[in-house]
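Contents: one structure, followed by commentary.
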There are 2 protein chains.
Amino acid sequence: MPQLDPAFAALSDPTRRAILARLAEGEATVQELARPFAISQPAVSRHLKVLEEAGLIETRIEGTSRPRRLKPERVEELWDWLGRFRAIWEERYRRLDVLLEEMGREDSAEK
Amino acid sequence: MPQLDPAFAALSDPTRRAILARLAEGEATVQELARPFAISQPAVSRHLKVLEEAGLIETRIEGTSRPRRLKPERVEELWDWLGRFRAIWEERYRRLDVLLEEMGREDSAEK
DNA sequence: TCTTTATATAAGTAATTTATTATATAACGA
DNA sequence: TCGTTATATAATAAATTACTTATATAAAGA
């Protein structure tokens with residue numbers, strides 16, 4: 001799944017995660033998104049481009065402003081990837097537990 | 001949560017995700033991890049360092065080899081972050097649905 | 001003790017990222 | 001049409017990443 005690369009990379013920046021958190025509460029323009037941060041407007045536009053290329057947000061054009069909103073599908077993919085991963089290793093630990101338990105029983109049974 | 005940065009960054013590389021997938025099946029040495037990839041041993045050691053600094057794996061020293069294994073806590077944190085995020089925006093969409101439904105009712109009621 | 005094996009570290013390099021300031025574009029409103 | 005507003009793009013620079021090959025370290029075994 002090659003689209004996981006840009007999505008995880010996009011999430012690795014705290015400014016971008018804060019932008020996403022803001023967008024989780026509703027659409028916002030570049031101005032609104034830039035205000036809380038100590039960075040320039042072009043820098044925010046760049047972060048938005050990264051998020052959009054990662055498939056995490058989308059843009060609507062409304063006159064001279066371009067409000068952004070979340071696009072949830074990609075986060076579902078990340079969620080699924082992590083979920084499968086967790087499942088595999090939890091299964092592994094479960095098997096390990098069973099193994100240790102069996103060894104315990106053999107210990108008690110032997111002699 | 002500053003430790004999210006290196007963890008998400010670590011996951012953005014497909015080689016590192018493949019390493020984690022391998023480790024989900026059990027401990028492995030640098031040699032074993034390097035074999036399936038077309039990159040040098042030092043490059044694999046570097047990836048492992050990135051994963052370890054992100055808190056995703058840990059190292060055990062056994063003679064001359066250093067088998068790596070998963071350290072699940074950090075993935076739980078990522079899982080939780082994504083989960084909270086999903087919850088917020090699903091709540092938002094839920095509210096939006098309610099709003100649209102109310103608007104629908106008003107439409108039907110009016111006139 | 002010497003050699004081999006497993007791994008880490010160093011030095012060098014190319015590509016990518018993230019910011020800045022300055023400027024371009026395009027819609028809106030007087 | 002002209003000035004203002006919202007946003008994007010360009011040019012540049014600094015920092016970071018991800019490799020490579022060469023070398024260092026440290027334990028194991030003859």
Side-chain angles (χ1 to χ4, degrees), chain A residues 1-23 26-71 74 78, chain B residues 2-23 26-71 74:
Chain A
M1 287 120 194
Q3 61 273 44
L4 291 176
D5 290 36
F8 276 127
L11 291 179
S12 73
D13 182 280
T15 300
R16 285 192 294 257
R17 287 200 306 277
I19 288 173
L20 290 176
R22 167 63 187 80
L23 291 179
E27 277 192 353
T29 65
V30 174
Q31 306 268 28
E32 290 164 346
L33 292 169
R35 203 150 317 150
F37 300 107
I39 58 178
S40 63
Q41 169 264 313
V44 171
S45 287
R46 202 70 193 50
H47 280 306
L48 292 171
K49 191 169 199 176
V50 170
L51 288 167
E52 184 150 26
E53 285 170 354
L56 291 165
I57 66 173
E58 58 193 359
T59 304
R60 189 164 62 82
I61 296 181
E62 187 181 77
T64 175
S65 85
R66 281 146 177 78
R68 301 320 208 276
R69 61 166 164 254
L70 291 178
K71 211 178 139 191
R74 187 57 39 84
L78 301 180
Chain B
Q3 61 274 46
L4 291 177
D5 290 35
F8 276 127
L11 291 180
S12 74
D13 182 281
T15 300
R16 286 192 293 259
R17 287 200 307 277
I19 287 173
L20 291 175
R22 167 65 186 78
L23 291 178
E27 277 193 354
T29 65
V30 175
Q31 307 267 27
E32 290 163 346
L33 292 168
R35 203 150 316 146
F37 300 106
I39 58 178
S40 64
Q41 169 264 313
V44 171
S45 287
R46 202 69 193 50
H47 281 307
L48 292 171
K49 191 168 198 176
V50 170
L51 288 167
E52 184 150 25
E53 285 171 354
L56 291 166
I57 66 173
E58 60 193 0
T59 304
R60 189 165 62 80
I61 296 182
E62 187 181 74
T64 174
S65 85
R66 282 148 177 78
R68 302 321 209 275
R69 62 167 162 254
L70 291 179
K71 210 177 141 193
R74 187 57 38 85

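Naming: A, B, ... by sequence-line order, numbering from 1 per chain.
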Knowing that exactly one of Arg66(A), Arg68(A), Arg69(A) qualifies, which makes a salt bridge (Lys or Arg N to Asp or Glu O under 4.0 Å) with Glu58(A)?
Arg69(A)
Using whole Å, what does the distance between atom P of nucleotide dT17(D) and atom CZ of Phe8(B) come to?
17 Å
Rounding to 0.5 Å, atoms OG1 (Thr29(A)) and CZ (Arg60(A)) come to a distance of 11.0 Å
Can you give one letter per nucleotide of nucleotides 18-30 of chain D, going 5' to 3': B for a protein heavy atom under 4.0 Å from the base, S for sugar-phosphate only, - for none?
SSBBB----SS--
For atom CG of Asp5(B) and atom C1' of dT16(D), their distance in whole Å
14 Å
Protein-nucleotide distance (Glu53(A), atom CD; dT9(D), atom C1'), rounded to Å:
13 Å
Rounded to the nearest 0.5 Å, how far does CZ of Phe37(A) lie from NE2 of His47(A)?
8.5 Å
Nearest-0.5 Å distance, CG of residue Leu70(B) to CZ of residue Arg22(B)
10.0 Å
What's the CG-C1' distance between Leu48(A) and dT17(C), to the nearest Å?
16 Å
Atom pair CG (Leu33(A)) and CD (Glu27(A)), whose distance is rounded to the nearest 0.5 Å:
10.5 Å
What is the distance from atom CG of Leu78(A) to atom CG of Leu11(B), rounded to the nearest 0.5 Å?
9.0 Å
